[in-house]
Q: 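Before we start, here is the structure in question, set down as structure tokens.
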Amino acid sequence: MSSASWLQFAVLIGLLLVTAPLLGRYMAKVYGDDGKVPGDRVFLPVERLIYRLCRVSPHTEQRWTVYAFAVLGFSLFSFLLLYAMQRMQQWLPLNPTDMPAVTDHIAFNAAVSFMTNTNWQSYSGELTMSHLTQMTGLTVQNFVSASVGMCVMAALIRGLARRRASTLGNFWVDLTRTVVRIMLPLSFLVAIVLVSQGVIQNFNGHTAVTTVEGATQLIPGGPAASQIAIKQLGTNGGGFFNMNSAHPFENSSPFNNLVENWAILIIPSALAFTFGRMVGDKRQGRAVFAIMAIIWAVMSLAAMGLEGNGNPQLDDIGATQAVTAEQSGGNMEGKEVRFGSAASGLWAASTTGTSNGSVNSMHDSFTPLGGMIPMLHMKLGEVSPGGTGVGLNGMLIMIILSVFIAGLMVGRTPEYLGKKIEAPEMKLVVLYILAMPLVVLGFTAASVLMDSAVASQNNPGAHGFSEILYAFTSGGNNNGSAFAGITASTWWYDTTIGLAMLIGRFFLIIPVLAIAGSLARKQPAPATVGTFPTHTPLFASLVLGVVAIVAGLTFFPALALGPIVEYLSL
Amino acid sequence: MTSMSVQQPRRIGGGLLDPKQLWRSTPDALRKLNPATLWRNPVMFIVEVGAAFTTVLAIVDPTVFGWLITVWLWLTVVFANLAEAVAEGRGKAQAETLRRAKQGTVARRLHGWTEGADPAAYGEESVPATELRQGDIVVVEAGETIPGDGDIVEGIASVDESAITGESAPVIRESGGDRSAVTGGTRVLSDRIVVRITRRPGESFIDRMIALVEGANRQKTPNEIALNILLAALTIIFLLAVVTLQPMAMYAKAYQAAAPDTAALNQDGVTGIVLVALLVCLIPTTIGALLSAIGIAGMDRLVQRNVLATSGRAVEAAGDVNTLLLDKTGTITLGNRQATEFLPIAGIPAAELADAAQLSSLADDTPEGRSIVVLAKNLYQLRAREEGVMPQASFVPFSAQTRMSGVDIAENGTTRRIRKGAASAVLRWVRDNGGRAADDVGSTVDGISSTGGTPLVVAEQLEGQPARALGVIHLKDVVKRGMRQRFDEMRRMGIRTVMITGDNPLTAKAIADEAGVDDFLAEAEPEHKLALIRREQEGGRLVAMTGDGTNDAPALAQADVGVAMNTGTTAAKEAGNMVDLDSDPTKLIQIVEIGKQLLITRGALTTFSIANDIAKYFAIIPAMFGDVYPRLDRLNVMRLESPTSAILSAVIFNALVIIALIPLALRGVRYRPGGAASLLTRNLWIYGLGGIIAPFIGIKILDLVVRFIPGISG
């Protein structure tokens, strides 16, 4: 890896290390029970107005079941609204390019996708969605679906922190506060920075221009910056343009790229610190952050290194792939020259370690192992640092699983933060762990058996297999990034990936809330030297091992038949 | 109490595994192949279903490879059953001995007897012990076996309880008080007692013991259930991975249509035998096979230490204990206080004090009294005078009212009165008899009290003279040897020890400091004990305690782990969830270790089982797809001979590792008291890293052998 690559990596880590604890502390206050939060003077009146309009009584606490019903109800409502909006956009205003109604299976897929914070797109935004659908449908979901994940996380943390409690907070209050106090202000800041870098923000339709070659080109317009800020901050990833973050109107420069990469990681990273503060032991938060950061760093360096090395077959014929003044170096197929292989690899790891899924390069064109990194990173369960809220949820589930094994090995009923992990919690933990592999492997296996589904591949053999595996991995993990080789806008893929997204969202969220409810009721046991500490490097390594082994054992055969054999055959 | 020594067992072992045991248990292991019972163990049930499936395939299309895999799959199930059968078999022998103790006992039932009446005057009838009902009154004489559990209502007897405790020294049982409970199946050695039966036959202590050692009504413990859930989930994940591998294999095969068919993969996809082999290798068979054996062996280890637990839950809870309540007397200190020095007041020779003290203690049968006699003999060579040798002496027994004891000796026409007892009582006696307490008595008494000792003042009065104090005897609690070390060990395990005593806080603190306990509860009454337990539990702590008296019963019931002494009352034994047949209060420490060891063994073998899968993937995946994607052979890091030898070696390794680990499962993983972090590190290295490496070596070695079987080599 070149020194410039290392520099990018170091600057990004430095930025995160400075900003994440600060934001984490602020968010702990937003979700905390103390009352006083910075910015109350501005935000409280807004929130009170919302509560009054929605008839929410902000001091009523909910049990986990009520909380879960609120999450499900809200998500169903969002889905129906999104679906209706897409199907009726031709009659609605703000449609300067006269987009027709979105096809039923694409509309289903897109509605599920944005409601589940996946933002998988089987369509091109600029050719399918009206400005109204984009702004009031998709962009709104970018805010609220990201916030729903954080609400569930807040409930889980409260479950761990509270003692002998029956309630976990109020979903409507959590949702309102997340949007008003975290998502909106941060998006506003990031959008300003993006606009300063040349990301567009207008209500124009297509502008026809004559290029230097004399050809006519349609240049799309639209309110991009506002959507892109939340798309990255909320780990959404749904691009305003089909080219997503590779498009110069979305991501104009290396600096712009760095800001967006930071925006992808900042909230889920900061939530680790929020967690530490809310459970009253900052060391726990730092340990969680360290585990997340280590996985992310390993994956990032691997992707950057593998892409930076380029294609060995080009070396064989004497081509140089080094970084020189004339070329970016490394494997440049499907990459933007202004970013190069390092920034593309770094982004690929960041976007798949979170549930973001925006891409600034074609993952399909990565080298076999380089392309396996984003796939593997998703298969780890998106816990490094994961989607907003759901990433921390996944990490805490992995920690509970590690605690269980470690607890047995030190001869005590396993406990995390003093809460005993017993059969009811383990049942929910395994439900959580089973859901994702079930949809990923199940739908992949079904697809490769169907000629029509195989026909969507862009490549035959192992690489084509990787394309299908990637699509369901992305859907099942609510990531939304695309290997982008496969034609996904078919009835089969729209439906099955839609189902994968639904299961990958709610079969994870419901067990998490149930665990939260179950843990909240428990009386924590005091820590003694007999309890093993969960903030030490030893425990962090155990969690790393558990994360790697769970994913490795589940997906090794599939990966062996996709990227691994492809790599070995180079 | 039969055993007061503090042992230092470094390893809680369960004896070695005798190879003959394996052979003897084989019929049981085969019986356990019955699917109706095997389904309770989902992991092994799946292996059995797989084995049945490959049997069919091997019959339809017989190959050496197919049959070898089939045989080894069946062996995997048999080995798992063998582990359980061996664990159960060890209890069975013990149960036989117990059964013999209760068989054929005849009870002499009394009719219409009421307390205090002469039993001989009432009609007796002989009934089989099995027909006794609760409330029946029976009489048992020397040489007879007690027909059922009950309380002595009249009489005193020495009883041989070796049938249940294994301890040959007889114990004394008497009516009233805390030593009145007798157990059916034990034998009266002397005298005659009348017993009221408190238990129906079939529910007696000995019946419970039999059920326990046989593991008849063994229920899964909470952690075992949670672990089973995890194992089931792992099984489902691997089932999913294997089932979905088939379409993926067909896809690959269709893409590389020119690749030759192999024993593993043909035009129809992966062969059934190889799929089953892969599945069985991946699902956690090692821990699945040994899990119940670990549980049974854990209970067995308790029984071997003469502890009966009414539930596995209690044993597990013992591993989690945060707070340990220990009675001072008998547990931390030797049963009683002992005289350690004579402190005469100014002007009185020490020997004179010792002589007076000895005289006053001659009729004192309490251990304290005896210790005074012994000390006087040791320090001043004062020979103990026999009671009977002094006809002119009349002894004044201790009473709670006077709080003194003593002797009046008529010598040469005058009477010498000696009194010994609590300082305030004796000093009052001195004043009442015209004397004046010397100043230094008070300061000596205070000095002894402040160090936690008990001062006894000795005074005398010669007829016609004022009484005078002679000095003070220092009685002291003697802490058992090795206690401090045990408590340090507990502290390292994260267990807080609390000493319970009826002493005043000053005395309690001195002993607590000397013994090294973390805390103490002084001037404790039974309800204080209960309150303390509740308070600890409020804070989320698990509490263990021992007790024997009826007034301990509520606390025993409230404690998470309540160990009743076998010498204790029926009420205490009913209230606790364990009974220690040796009545050794320090046994709790061993129970805690066994509880922990039980969990550690499960955790370690689970880790080992999962870690094994990595090597198995590297053996089987290249073997499956080596011909479709020749480059995949680079994953064959063990350089196994051929696809068939690789798969067969993995399956054989998977089966043999069960047999190899049976001794470990029965004995339990070595447990060293220590902090959790060091334990975790150690076990992760051994069972985690070891679990990753061992199968690479094992499979490679097996492959070196298996490749010579005709029909297996490439």
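Sequence lines set the chain letters: A, B, ... in the order given, protein chains first and strands last, and positions in each chain run from 1.
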Q: Need one label for B:Gln246: side chain, backbone, both or neither, based on atoms under 4.5 Å from any heavy atom in chain A.
A: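 Nothing of B:Gln246, per the 4.5 Å heavy-atom cut-off to chain A.
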
Q: So for B:Leu227, is it side chain, backbone, both, or neither that comes closer than 4.5 Å to the heavy atoms of chain A?
A: both

Q: For the pair A:Met409 and B:Val669, evaluate side-chain contact (heavy atoms from CB on, under 4.5 Å) and give the outcome as yes or no after the intermediate values.
A: CA-CA 10 Å; A:Met409 276 202 286; B:Val669 164; over 6 Å; no

Q: Between A:Lys427 and B:Ile229, which heavy-atom pair has the shortest distance, and what is it?
A: CG-CD1, 3.5 Å

Q: Work out which heavy atom in A:Phe404 is nearest to a heavy atom in B:Asn223; give both atom names and the distance.
A: CZ-O, 4.4 Å

Q: Between B:Asn322 and A:Pro526, which heavy-atom pair has the shortest distance, and what is it?
A: ND2-O, 4.3 Å

Q: Please flag which part of B:Thr607 lies under 4.5 Å from any non-hydrogen atom of chain A: side chain, backbone, both or neither.
A: side chain

Q: So for B:Met250, is it side chain, backbone, both, or neither that comes closer than 4.5 Å to the heavy atoms of chain A?
A: side chain

Q: Could you check B:Ile600 against A:Val410 for side-chain contact (heavy atoms from CB on, under 4.5 Å), going step by step and ending with a plain yes or no?
A: CA-CA 6 Å; B:Ile600 295 175; A:Val410 301; 5.7 Å; no

Q: For B:Val628, is it the side chain, the backbone, both, or neither that has a heavy atom closer than 4.5 Å to a heavy atom of chain A?
A: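 Neither part.
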
Q: Does B:Tyr251 use its side chain to pair, donor to acceptor, with the backbone of A:Gly461 at less than 3.5 Å?
A: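 Yes; at least one donor-acceptor contact below 3.5 Å.
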
Q: Check each atom of B:Ile237 against the heavy atoms of chain A and say whether the ones under 4.5 Å are side chain, backbone, both or neither.
A: both

Q: Please confirm whether the backbone N or O of B:Pro222 pairs with a side-chain atom of A:Glu422, one donor and one acceptor, at under 3.5 Å?
A: no

Q: With chain A as the partner, which of B:Phe625, B:Phe238, B:Tyr617 has the greatest number of non-hydrogen pairs under 4.5 Å?
A: B:Tyr617

Q: Can you tell which of B:Met493, B:Arg541, B:Glu224, B:Met248 has the highest number of heavy-atom pairs within less than 4.5 Å of chain A?
A: B:Met248

Q: Shortest non-hydrogen contact from B:Ile225 to A:Ala423?
A: CG2-CB, 3.8 Å

Q: So for B:Arg496, is it side chain, backbone, both, or neither that comes closer than 4.5 Å to the heavy atoms of chain A?
A: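 Looking at B:Arg496, nothing touches chain A.
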
Q: Looking at CZ of A:Phe556 and CD1 of B:Ile620, how far apart are the two atoms once the value is rounded to the nearest 0.5 Å?
A: 11.0 Å

Q: Can you name the nearest heavy-atom pair linking B:Tyr255 to A:Pro460, along with the distance?
A: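 That would be CE1-CB, 3.8 Å.
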
Q: Looking at every heavy atom in both B:Arg634 and A:Leu568, which two are closest together, and how far apart are they?
A: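 For B:Arg634 versus A:Leu568, the nearest heavy atoms are NH1-O, 3.2 Å.
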
Q: Where does B:Ile610 contact chain A at under 4.5 Å (heavy atoms): side chain, backbone, both or neither?
A: both

